[in-house]
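First up is the structure itself, then whatever we jot down about it.
Each chain gets a letter, A, B and so on, in the order its sequence line appears, and its residues count up from 1.
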2 protein chains.
Amino acid sequence: MIRIILVDDHAVVRTGYRRLLDAEPGLQVVGEAASADEANALVLRTTADVALVDLSLRGSSGIEAIRGMLARCPTLKVLVLSMHEGAGHVTQALRSGALGYLTKYCEPGEVIDGIRRIAAGKRVFSPEIAQVLAEEAIDGDGALAHLTPREFEVLRMLVHGESATGIASSMHLSPKTVLNYLTLIRQKLDADNDFKLLHLAARHGLVDMNHALGA
Amino acid sequence: MIRIILVDDHAVVRTGYRRLLDAEPGLQVVGEAASADEANALVLRTTADVALVDLSLRGSSGIEAIRGMLARCPTLKVLVLSMHEGAGHVTQALRSGALGYLTKYCEPGEVIDGIRRIAAGKRVFSPEIAQVLAEEAIDGDGALAHLTPREFEVLRMLVHGESATGIASSMHLSPKTVLNYLTLIRQKLDADNDFKLLHLAARHGLVDMNHALGA
DNA sequence: CTGCGCTCGGGAATTTTTCCCGGTTTGTCG
DNA sequence: CGACAAACCGGGAAAAATTCCCGAGCGCAG
């Protein structure tokens, strides 16, 4: 019998999983948690084999929950079940000790299958996630790495909301030069629109989103 | 017997709801859809009383699905079940014809109760949503408020990284129309560059920065 | 010294964005 | 029911931005 803990801040989703998994022979849900704190408390008072963790919890993140649970119960097998496919989430989860990573787009059967494989100590990934990991490996050291210092600087000011002419005067450059840099940057980063630029910049810690965008 | 359609792009979540609702006397799930297009097709070949709609679908959004379904079946009662509490989402959903709006944080019992109330023609809101609506009313018309549904939809896809042509095909529009919408949006929001656009969108909960930008 | 890459910017071609237009649909109000 | 406003959709031409291509100066490693 595989004993399972559910960590997800959506009550409805938890209930759905509980019904799904309890109906499966050999699987049993032994606890639910809606936050990292609850998850930490839960692993201390129950013995579980597998934790099914959603990454986007309220307050603290699922990453936090994973670290806390593994610190208290190192034999726990963590399977992330997230709707986020971003490379950042995946690598962070794996570094924190997760064994597998499925997206919520997958079929219920895949989740059940995944839990069994995880419990057996194997790794499990959705096809989309495998794709992300592959690209990450190919990219190597981050796309921002081979920007020149000036280019990097221009990008940094841009994602902080500066206009091209603003950057120019701030850097004592011709607006034309800044525009030319921007063209180069967009090419090097393979970003056909500014939102992708922002995505990349954020991923590399170039800008603190919560502050910059006034969340 | 209340006949229910599920619209959610997560297969696991749909299955969870199906089990939850089918187990309830008087409720019956008669169809599932993972996208706006599927939802549109579904309402034509089934007779349903209530649609349970998640706002964040892949490709087109739940707003799109709501409009399409109501155009084809005006008597359908739409209950939104979203994880987004942003004011923008709520007002747009209501304007598009949704009768109620629950967050995924609520208990399963609340969802079942909500469906019964919606089927009876009543409005249903989570406490958090009521809160949002109240603030919205006090604030007056937030900047995003006087975007039309289509404009809002275009903006939503844009800040999620879609290209203009991508949005066009996804919404079954001419690229030219999308470009025209973008011009209008930038004017209405007084944003001379795309970063300010993202800034506004983030403030109004249109996009979760930490998630979208993979922090 | 010589080559190479970064820095800086001009000018012209190209693309995108804007602005303005008209037609259709939808919904509301007298 | 008719009138009217507002939203929806897209075309075409002008205006603005971006890209492309170019060359010059500079510092530095081979």
| query | Which whole-number value in Å describes the distance from B:Glu151 CD to D:dA7 C1'? | reply | 9 Å

| Choosing from D:dC21, D:dT18, D:dG10, which nucleotide comes nearest the side chain of A:Arg186? | D:dT18

| For chain B, the stretch of DNA chain C it reaches, first to last nucleotide, under 4.0 Å of its heavy atoms | C:dT17 to C:dC19

| What is the distance, rounded to the nearest whole Å, between atom CG of B:Leu184 and atom P of D:dA6? | 14 Å

| said: Do the side chains of B:Asp194 and B:Arg186 get close enough for a salt bridge, i.e. N-O under 4.0 angstrom? | reply: yes

| said: Under a 4.0 Å threshold between the charged nitrogen and the carboxylate oxygen, would B:Arg3 count as salt-bridged to B:Asp49? | reply: yes

| message | Taking any heavy-atom pair under 4.0 Å as a contact, classify B:Thr177: base, sugar-phosphate, or nothing. | response | base

| query | Could you state the interatomic distance from OG1 (B:Thr103) to CZ (B:Phe125), rounded to the nearest 0.5 Å? | reply | 12.5 Å

| request: Please tell me if the side chains of A:Val111 and A:Cys106 come closer than 4.5 Å, counting only heavy atoms from C-beta onward. | output: yes

| request: Find the distance B:Asp194:CG to D:dA17:P and express it as a whole number of Å. | output: 13 Å

| task | Could you tell me whether A:Thr183 contacts a base, only the sugar-phosphate backbone, or nothing, with contacts defined as non-hydrogen atoms closer than 4.0 Å? | result | base

| note | In whole angstroms, the gap separating P of D:dA16 from CG of B:Asn193 amounts to 18 Å

| task | Go through the steps to decide whether B:Ile66 and B:Val53 satisfy the test side chain to side chain contact (heavy atoms under 4.5 Å, CB included), and finish with yes or no. | result | CA-CA 8 Å; B:Ile66 293 173; B:Val53 181; 4.2 Å; yes

| request: Taking all heavy atoms of B:Lys104 and all of B:Val13, pick out the closest pair and write down the distance. | output: NZ-CG1, 4.2 Å

| task | Rounded off to whole Å, could you give me the CD1-to-C1' distance for the B:Ile167 and D:dC9 pair? | result | 16 Å

| query | Nearest-Å distance, CE (B:Met171) to P (D:dC9)? | reply | 7 Å

| said: In whole Å, I'd like the distance from the CZ atom of B:Arg150 to the C1' atom of D:dA6. | reply: 15 Å

| message | Check this for me: does any side-chain nitrogen of one of B:Arg150 and B:Glu153 sit under 4.0 Å from a carboxylate oxygen of the other? | response | no

| said: Let me check the geometry of the helix from C:dC1-D:dG30 to C:dG30-D:dC1. What is the bend angle between the axes at its two ends, five pairs each, to 10°? | reply: 30°

| query | Which heavy atom of A:Gly100 sits nearest a heavy atom of A:Ile118, and at what distance? | reply | N-CD1, 3.7 Å

| message | Looking at the base of D:dC20, is there any donor atom on it, or on the side chain of A:Asn180, that sits under 3.5 Å from an acceptor on the other one? | response | yes

| message | Between P on D:dC9 and CG on B:Leu179, what's the gap in Å once rounded to a whole number? | response | 15 Å

| said: At 4.0 Å (heavy atoms only), tell me whether B:Leu182 reaches a base, stays on the sugar-phosphate, or touches nothing. | reply: nothing

| said: So does B:Ala11 get a backbone contact from the side chain of B:Thr15, meaning a donor-acceptor N/O pair under 3.5 Å? | reply: yes

